[in-house]
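This report refers to the structure that appears directly beneath it.
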There are 2 protein chains.
Amino acid sequence: MQRRKAQPTPVTPRSNRDRTEATRAALLQAARELFVQHGYGDTSTPDICAAAGITRGALYHHFVDKLDLFRQVLQQEAQAVQAAIEAAAPAQRLPQEALLAGSEAYLDAMTVPGRTRLLLIEGPAALGVADSLAVDAANAAASLRAGLLETGLADATVAVDAIAQLLAAAFDRAALQIDAGADAAATRAAMLWLVRQVAAPAAAAQKTPSAVRRRR
Amino acid sequence: MQRRKAQPTPVTPRSNRDRTEATRAALLQAARELFVQHGYGDTSTPDICAAAGITRGALYHHFVDKLDLFRQVLQQEAQAVQAAIEAAAPAQRLPQEALLAGSEAYLDAMTVPGRTRLLLIEGPAALGVADSLAVDAANAAASLRAGLLETGLADATVAVDAIAQLLAAAFDRAALQIDAGADAAATRAAMLWLVRQVAAPAAAAQKTPSAVRRRR
DNA sequence: TTGCATACATACAGCCTGTATGTTAGTTTG
DNA sequence: CAAACTAACATACAGGCTGTATGTATGCAA
């Protein structure tokens with residue numbers, strides 16, 4: 001038998017790193033699918049392992065427990081959403097434009113099957129609201145807050161943070177409604193209308209009918 | 001129900017109806033407390049029964065299964081909220097007034113400990129979004145829709161239903177934030193501001209908040 | 001080659017859910 | 001008012017699931 005060594009890509013079976021990466025990926029994918037389909041509570045680790053084609057020993061070798069696996073599935077999902085938003089709303093755009101572009105990007109990103117259930121339903125329940133928000137903290141709420149800050153609010157007397165939170169919740173519901181089969185166009189229009197109703201065309205507005213003044 | 005025999009102090013053990021009512025109440029109360037404390041998934045029926053002072057046999061005699069028990073806990077909770085809203089926003093008031101009064105009543109009602117977790121976190125996860133909304137369908141969203149319909153929207157081009165849904169979601173988040181320890185006054189102010197931003201003051205424009213003041 | 005660590009597989013203990021099967025007490029009926 | 005019936009429980013049991021302990025084979029380093 002020959003011994004080919006020090007090859008960057010070992011043709012031999014698999015390096016340990018490759019094995020790890022492969023089984024982790026298989027596990028995450030299988031878990032995601034089952035969590036989406038049956039929810040966190042009604043998905044068993046035996047089922048996940050069967051779907052991934054490995055045994056429970058491997059699962060508990062790579063993940064602390066079932067919740068840890070779920071958390072990583074969630075993180076993966078949240079990162080995808082975040083990336084989509086940032087790609088659509090580059091910092092160079094005008095604030096108001098970026099805000100609206102980001103809004104649409106969020107709703108688009110959330111149409112990926114299972115995403116709403118994972119991030120908006122199962123996540124909060126399984127991880128608790130606090131941890132769940134921590135996972136996708138970098139997500140909509142933060143982006144929204146930034147967008148509102150730059151665009152300005154229609155009324156300076158309210159707290160930007162609070163408004164951002166409430167708007168973020170509305171976004172989530174919009175995504176949920178669309179996912180549940182509601183009129184996507186109407187829901188999306190309503191959501192964007194709501195954003196405009198809140199954001200002030202602080203700078204020299206363009207198309208918006210009239211600027212809202214009224215300060216404290 | 002008029003069959004009340006005037007027995008002087010029913011020394012007799014207990015009528016079947018009384019027994020049923022008592023154990024059901026004990027079960028519901030114990031279950032509510034544990035569900036609030038540990039969530040639906042991490043609460044076991046043995047624990048519930050221990051807290052209620054009965055055995056699992058009784059639980060499964062009165063409820064189909066654990067989920068059924070949870071559903072009834074939820075229903076109880078949703079009814080309380082609904083009642084609070086209706087009490088605060090009688091139909092006779094001016095539309096706008098009723099809308100704002102109902103809004104505050106909702107936020108008030110949701111400050112009851114555990115209510116946000118039950119209705120907004122555990123409910124959707126355990127029952128599914130659809131069933132969960134069905135349980136408290138008569139709740140905020142519907143009331144809100146009615147309120148918006150009567151008050152009118154700031155813009156006739158958007159769907160009232162969609163906006164009501166989004167606003168309802170914002171209400172839920174507001175309650176969640178307050179429950180999580182956020183600045184209650186600021187959050188509440190932001191929520192009410194948002195409502196005013198949406199509702200068209202068919203009578204007096206969004207000039208002054210005086211029309212919003214309550215009197216009695 | 002020798003030795004150790006990694007990546008798994010298998011086996012097991014404890015808990016939980018739902019159901020089947022008793023047992024006691026209330027209610028109805030002739 | 002007593003027998004028959006039924007409701008309200010308690011107890012026992014059968015699967016299934018989670019997490020851990022233990023065994024094994026392979027990559028990898030000295």
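Letters A, B, ... are given to chains in the order of the sequence lines, protein chains preceding strands, and every chain is numbered from 1.
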Problem set entry | Pairs satisfying salt bridge (Lys or Arg N to Asp or Glu O under 4.0 Å), at least one member in residues 123-133 of chain B, at least two apart | none
Problem set entry | Value in whole Å for how far the P atom of C/dG18 lies from NZ of B/Lys66 | 8 Å
For this session: Whole angstrom is fine here: how far is it from OH in A/Tyr40 over to C1' in D/dC17?
Result: 12 Å
Can you give each donor-acceptor pair under 3.5 Å made by side-chain atoms of residues 23-32 of chain A, sequence neighbours left out, with the distance rounded to 0.1 Å?
{"unit_1": "A/Thr23", "atom_1": "OG1", "unit_2": "A/Arg19", "atom_2": "O", "d": "3.2"}
{"unit_1": "A/Thr23", "atom_1": "OG1", "unit_2": "A/Thr20", "atom_2": "O", "d": "3.2"}
{"unit_1": "A/Thr23", "atom_1": "OG1", "unit_2": "A/His62", "atom_2": "NE2", "d": "3.2"}
{"unit_1": "A/Arg24", "atom_1": "NH2", "unit_2": "A/Gln72", "atom_2": "OE1", "d": "2.8"}
{"unit_1": "A/Arg32", "atom_1": "NH1", "unit_2": "A/Glu77", "atom_2": "OE1", "d": "3.0"}
{"unit_1": "A/Arg32", "atom_1": "NH1", "unit_2": "A/Glu77", "atom_2": "OE2", "d": "2.5"}
{"unit_1": "A/Arg32", "atom_1": "NH2", "unit_2": "A/Pro113", "atom_2": "O", "d": "2.4"}

Exercise. Who passes side chain to side chain donor-acceptor pair (under 3.5 Å) against B/Thr43, sequence neighbours left out?
Worked result: none
Dump the pairs, protein N or O against N or O of nucleotides 6-13 of chain D, anything under 3.5 Å, distances to one decimal.
{"unit_1": "D/dA8", "atom_1": "OP1", "unit_2": "B/Thr20", "atom_2": "OG1", "d": "2.2"}
{"unit_1": "D/dA8", "atom_1": "OP2", "unit_2": "B/His61", "atom_2": "NE2", "d": "3.2"}
{"unit_1": "D/dA8", "atom_1": "O3'", "unit_2": "B/Arg19", "atom_2": "NH2", "d": "3.3"}
{"unit_1": "D/dC9", "atom_1": "OP2", "unit_2": "B/Thr23", "atom_2": "OG1", "d": "2.8"}
{"unit_1": "D/dC9", "atom_1": "OP2", "unit_2": "B/His62", "atom_2": "NE2", "d": "3.0"}
{"unit_1": "D/dA10", "atom_1": "OP2", "unit_2": "B/Thr55", "atom_2": "N", "d": "2.8"}
{"unit_1": "D/dA10", "atom_1": "OP2", "unit_2": "B/Thr55", "atom_2": "OG1", "d": "2.2"}
{"unit_1": "D/dA10", "atom_1": "O5'", "unit_2": "B/Thr55", "atom_2": "OG1", "d": "3.0"}

For this session: For A/Ser103, check side chain to side chain donor-acceptor pair (under 3.5 Å) against everything at least two apart and list the hits.
Result: none
Exercise. If we fit an axis to the first five pairs and another to the last five of the helix from C/dT1-D/dA30 to C/dG30-D/dC1, what angle do they make, to the nearest 10°?
Worked result: 10°
Which pairs of donor and acceptor atoms, one on a side chain in residues 33-42 of chain B, lie under 3.5 Å apart (sequence neighbours left out)?
{"unit_1": "B/Tyr40", "atom_1": "OH", "unit_2": "B/Leu67", "atom_2": "N", "d": "3.3"}

Exercise. Where along residues 42-51 of chain B does a heavy atom come under 4.0 Å from DNA chain C, residue by residue in number order?
Worked result: B/Thr43, B/Ser44, B/Thr45, B/Pro46
For this session: Let me know the distance between OH of A/Tyr60 and C1' of D/dT22, rounded to the nearest Å.
Result: 17 Å
Problem set entry | Partners passing side chain to side chain donor-acceptor pair (under 3.5 Å) against A/Gln177 (at least two apart in sequence or in another chain) | none
For this session: Using modelled atom types only, decide if a donor and an acceptor are shared between the side chain of A/Gln197 and the backbone of B/Gln197 within a distance under 3.5 Å.
Result: yes
For this session: Any salt bridge (Lys or Arg N to Asp or Glu O under 4.0 Å) involving residues 184-195 of chain A? Give me the pairs, sequence neighbours left out, ordered by first then second residue.
Result: A/Glu104-A/Arg188, A/Asp108-A/Arg188
For this session: Using whole Å, report how far CD of A/Glu21 lies from P of C/dC8.
Result: 12 Å
Problem set entry | Pairing residues for B/Ser44 by the side chain to side chain donor-acceptor pair (under 3.5 Å) criterion, not counting sequence neighbours | B/Asp47
Problem set entry | For A/Asp179, salt bridge (Lys or Arg N to Asp or Glu O under 4.0 Å) partners two or more places apart | none
